[in-house]
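Taking it in order: structure first as structure tokens, then the write-up.
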2 protein chains.
Amino acid sequence: MEAASGSSITLAQVARLAGVSRATASRVFSGNPAVSLEACSAVERAAAELGYVPNRAARSIASGRSESVGVVIPEPRSSLFLDPLFPRLLRGIGEELSASGLQMVLFAPPSPSDVQRLEQYLAGGHVDAVILLTFHESDTLSVRLQARGIPVIYGGRPSGRFNVSFVDVDNHAGGRSATEHLIAQGRRRIAHIAGPLRSRLASDRAQGFREAMWNSALRSDLVAHGEMDRDSGEVAMSRLLAESHDIDAVFAASDAMAAGAMWAMQVLGRRVPDDVAIIGFDDSPLAAATQPPLSSVRQPIEDMGREMTRLVVSMSGTRMQTPQQMILGSELQVRQSTLAAAS
Amino acid sequence: MEAASGSSITLAQVARLAGVSRATASRVFSGNPAVSLEACSAVERAAAELGYVPNRAARSIASGRSESVGVVIPEPRSSLFLDPLFPRLLRGIGEELSASGLQMVLFAPPSPSDVQRLEQYLAGGHVDAVILLTFHESDTLSVRLQARGIPVIYGGRPSGRFNVSFVDVDNHAGGRSATEHLIAQGRRRIAHIAGPLRSRLASDRAQGFREAMWNSALRSDLVAHGEMDRDSGEVAMSRLLAESHDIDAVFAASDAMAAGAMWAMQVLGRRVPDDVAIIGFDDSPLAAATQPPLSSVRQPIEDMGREMTRLVVSMSGTRMQTPQQMILGSELQVRQSTLAAAS
DNA sequence: CTGAAAGCGCTTACAG
DNA sequence: CTGAAAGCGCTTACAG
């Protein structure tokens with residue numbers, strides 16, 4: 001069976017054309033410095049002429065390294081897949097990976113049994129490192145992988161566990177600066193539409209809110225919780241407005257909740273920003289689409305992807321597995337929803 | 001060097017425990033029916049006990065098949081990565097792939113030279129099939145891959161070429177039904193904010209618009225072009241409104257352009273939907289966030305991902321490479337932006 | 001239905 | 001700096 005597809009150039013052919021052994025040819029492709037310039041250039045010329053590209057599977061099996069890193073999305077049915085940040089994160093990871101000549105293998109196990117299979121698969125040395133994309137509970141996956149010596153890094157600080165590597169955005173500082181921005185605009189009765197209590201990310205943002213209010217001697221009693229989506233933002237805002245008529249600003253923990261809140265305000269006859277200023281979080285495409293455009297906290301998500309990749313790849317090089325942690329700053333994106341009322 | 005990570009169970013160990021040869025053990029994992037039930041169950045028991053998972057690299061190199069399909073995003077800097085549909089597409093692909101036990105390898109070559117490298121890589125038999133995610137010009141990539149016998153499928157109909165396999169959404173019908181919906185609401189002076197002329201997808205939608213107008217004996221003279229993003233939608237709407245004061249409805253070829261258009265209308269004092277009804281395309285998260293919420297054409301993107309995967313995988317099974325083409329319908333998502341004015 | 005054997009394309013001590 | 005040789009984990013005609 002002459003494989004129609006698999007009939008590509010092999011190392012042996014390159015070596016033959018270059019007049020060296022396979023061992024030598026192999027060395028030039030793996031960047032081994034112990035090769036004469038002569039041999040090196042002969043091999044490179046031959047490779048170029050033949051259009052040779054190393055077979056990763058063979059290389060992986062022979063060397064024990066796979067030259068690829070796994071990106072795992074444990075809950076594809078969850079919000080992450082629909083999160084506006086997800087593509088940006090993936091892009092950052094992809095850029096860094098291809099800069100390092102590594103392959104990105106994406107796993108989105110649809111069911112728990114698939115996670116099980118995946119765990120064995122990843123533990124089987126098919127991947128040099130694992131990037132775990134979950135903002136939720138950390139699972140046993142990372143523990144078992146680390147036990148096998150496979151470096152794992154989390155995107156976003158996993159709730160609960162401490163002994164893991166992660167890159168996160170500074171949600172606390174982001175929440176604080178969003179709130180400080182509202183205060184600087186002269187707002188005083190500021191409400192917060194927070195995410196669910198179980199979410200680390202959401203509670204960090206809420207903590208930032210409280211801190212900013214406290215620093216300015218303002219009361220942070222106006223807090224409602226939502227599920228980060230539009231509808232829960234709408235509900236939360238209606239409730240807040242029903243309870244306190246003097247609210248003059250809102251910090252929502254997500255743009256989607258902010259959009260829902262704006263809708264609630266419109267229904268209830270509150271003008272944005274004249275009556276109530278509002279700021280969101282994520283700086284998603286939503287933010288530019290609301291009326292008026294929504295101020296938001298912009299996170300360096302591409303950078304986060306790049307840093308995660310860089311860290312986990314460097315960990316796969318060294319034996320030591322000290323947890324690496326990194327927190328990135330965010331910046332305010334000010335739009336009309338928080339501009340001082342035209343007077 | 002006792003590899004800390006690679007020391008996983010091998011076929012040989014399973015075979016030994018099961019009391020059969022590696023050949024027999026191998027056969028049960030590859031689903032070869034020529035194995036006695038006795039041997040089969042012994043092997044399966046041994047595998048379960050040992051936690052064996054086949055090494056894909058070894059399997060790939062020995063069999064010539066890779067059990068993985070490549071998903072290529074040729075222009076990661078382009079809009080696709082930021083397209084709200086992208087995650088949904090990826091999810092559909094991922095689901096179908098893992099149902100078939102195939103691996104998804106994602107490629108997002110950042111530069112043209114990376115595309116070059118990738119081309120050789122994919123042609124080297126590292127992947128059983130390729131899913132090409134580009135709504136733009138078709139490139140030489142697919143041609144060369146097909147020449148090598150590697151099945152390729154496009155997501156979205158590539159402009160220009162005909163002899164390729166693709167799965168697309170029926171943009172023409174979508175544009176027509178959006179327009180018909182506006183007509184059914186009693187609107188008569190309907191404008192279209194179209195995408196760039198070079199885009200197949202955009203011109204299909206525009207064609208649908210024209211057809212619906214023609215069928216109702218309405219003039220389709222109110223057409224402006226944008227780049228599918230928010231800002232160009234705003235510009236286009238301003239221009240349309242400046243030229244024709246009697247516009248009572250707009251069909252925008254993307255939700256983002258619709259959002260921009262709504263903003264322009266607000267600035268110019270036109271009420272939605274009272275003065276002007278508006279409908280978008282994509283049913284992205286944007287649609288629920290605008291004020292009022294935006295009607296839109298919803299595409300079965302997850303299905304598209306699944307069908308693409310199913311098709312390309314089936315192609316990789318058979319020798320014949322007749323182009324497979326499939327077009328999926330879309331459905332209207334009606335919200336307040338097109339509801340009849342409350343009178 | 002089963003096993004011994006060759007082979008997939010590469011890497012890597014080892015001995016020069 | 002270089003090559004012969006063993007080996008990575010699996011599959012697959014081939015011969016029973």
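Nothing here was measured: the structure is a model prediction, and the numbers come from that model. Naming convention: chains lettered A, B, ... in sequence-line order (proteins, then strands); numbering from 1 in each chain.
Between A:Leu90 and B:Leu90 the shortest side-chain heavy-atom distance falls below 4.5 Å. With a 4.5 Å cut-off on side-chain heavy atoms, B:Met308 and B:Leu89 count as touching.
The separation between A:Ile9 atom CD1 and C:dC10 atom P is 10 Å, rounded to whole Å. The distance between atom CG of A:Leu11 and atom C1' of C:dG9, rounded to the nearest whole Å, is 7 Å. Note: CG (A:Asn32) to C1' (D:dC1) measures 10 Å, nearest angstrom. The nearest whole Å value for the distance from the CZ atom in A:Phe29 to the P atom in C:dT11 is 9 Å. A straight line from CD1 of A:Ile61 to C1' of D:dC8 spans 5 Å, rounded to a whole angstrom. Across the protein-nucleic acid pair, B:Asn55 atom CG and D:dG9 atom C1' stand 6 Å apart, rounded to whole Å. Atom C1' of nucleotide D:dC10 and atom CD of B:Glu67 are separated by 12 Å, given to the nearest angstrom. Following rounding to the nearest Å, A:Glu38 (CD) and D:dT2 (P) show an atom-to-atom distance of 8 Å.
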Margin query: Pair A:Ile73, A:Leu106 - check side-chain contact (heavy atoms from CB on, under 4.5 Å), show working.
Written below: CA-CA 8 Å; A:Ile73 305 163; A:Leu106 195 65; 4.0 Å; yes
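When the side-chain nitrogen and oxygen atoms of B:Thr24 are compared with OP1 and OP2 of C:dT2, none of them lie within a distance under 4.0 Å. Taking side-chain N and O atoms only, A:Ser26 has a distance below 4.0 Å to OP1 or OP2 of C:dT11. Put simply, B:Arg65 has a side-chain N or O that comes within less than 4.0 Å of OP1 or OP2 on D:dT12. Side-chain nitrogen and oxygen atoms of B:Ser21 include none within less than 4.0 Å of the OP1 or OP2 phosphate oxygen of C:dA4. One finds no side-chain N or O of A:Thr10 lying less than 4.0 angstrom from the OP1 or OP2 phosphate oxygen of C:dC8.
Looking at which nucleotide of DNA chain C each of A:Ser30 and B:Ser63 is closest to, the 5′-most match is held by B:Ser63. For the pair A:Ala62 and B:Ala39, both in contact range of DNA chain C, the more 5′-proximal nearest nucleotide belongs to B:Ala39.
Listed nucleotides: D:dT2, D:dA13, D:dC10. Nearest to the side chain of B:Arg27: D:dA13. Taking the side chain of B:Val20 as heavy atoms from C-beta on, and the options C:dT11, C:dG3, C:dC10, the nearest nucleotide is C:dG3. Ranking D:dT11, D:dA6, C:dT2 by closeness to the A:Arg22 side chain, first place goes to D:dA6. For B:Tyr52, whose side chain is taken as the heavy atoms from C-beta onward, the closest listed nucleotide among D:dC10, C:dT2, D:dT12 is D:dC10.
For B:Glu307 (side chain) and B:Gly305 (main-chain N/O), no donor-acceptor pair under 3.5 Å exists by modelled atom type. Remark: side-chain polar atoms of A:Gln325 are paired, donor with acceptor, to backbone N or O of A:Val164 under 3.5 angstrom. Checked by atom type and distance alone, the side chain of B:Ser68 never pairs as donor or acceptor with a backbone atom of B:Val127 at under 3.5 Å. At distances below 3.5 Å, at least one donor-acceptor pair connects side-chain atoms of B:Ser41 with backbone N or O atoms of B:Leu37.
For the salt bridge (charged side-chain N to carboxylate O under 4.0 Å, His left out) with A:Glu96, the lone residue among A:Arg306, A:Arg91, A:Arg310 that qualifies is A:Arg310.
The C1' atoms of C:dG16 and C:dT12 are separated by 16 Å, rounded to the nearest whole Å. Between C:dA6 and C:dT2, the two P atoms lie 22 Å apart (nearest whole Å).
Not a single donor-acceptor pair, N or O on each side, falls under 3.5 Å between the base of C:dG9 and the side chain of A:Arg56.
Note on A:Ala57: nothing from the nucleic acid sits closer than 4.0 angstrom, heavy atoms only.
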Notebook entry, point to check: So what's the dot-bracket for DNA chain C: Watson-Crick or G-U pairs under 3.5 Å, [ ] if a pair crosses, | if it pairs off-strand?
Noted result: |||.||||||||.|||
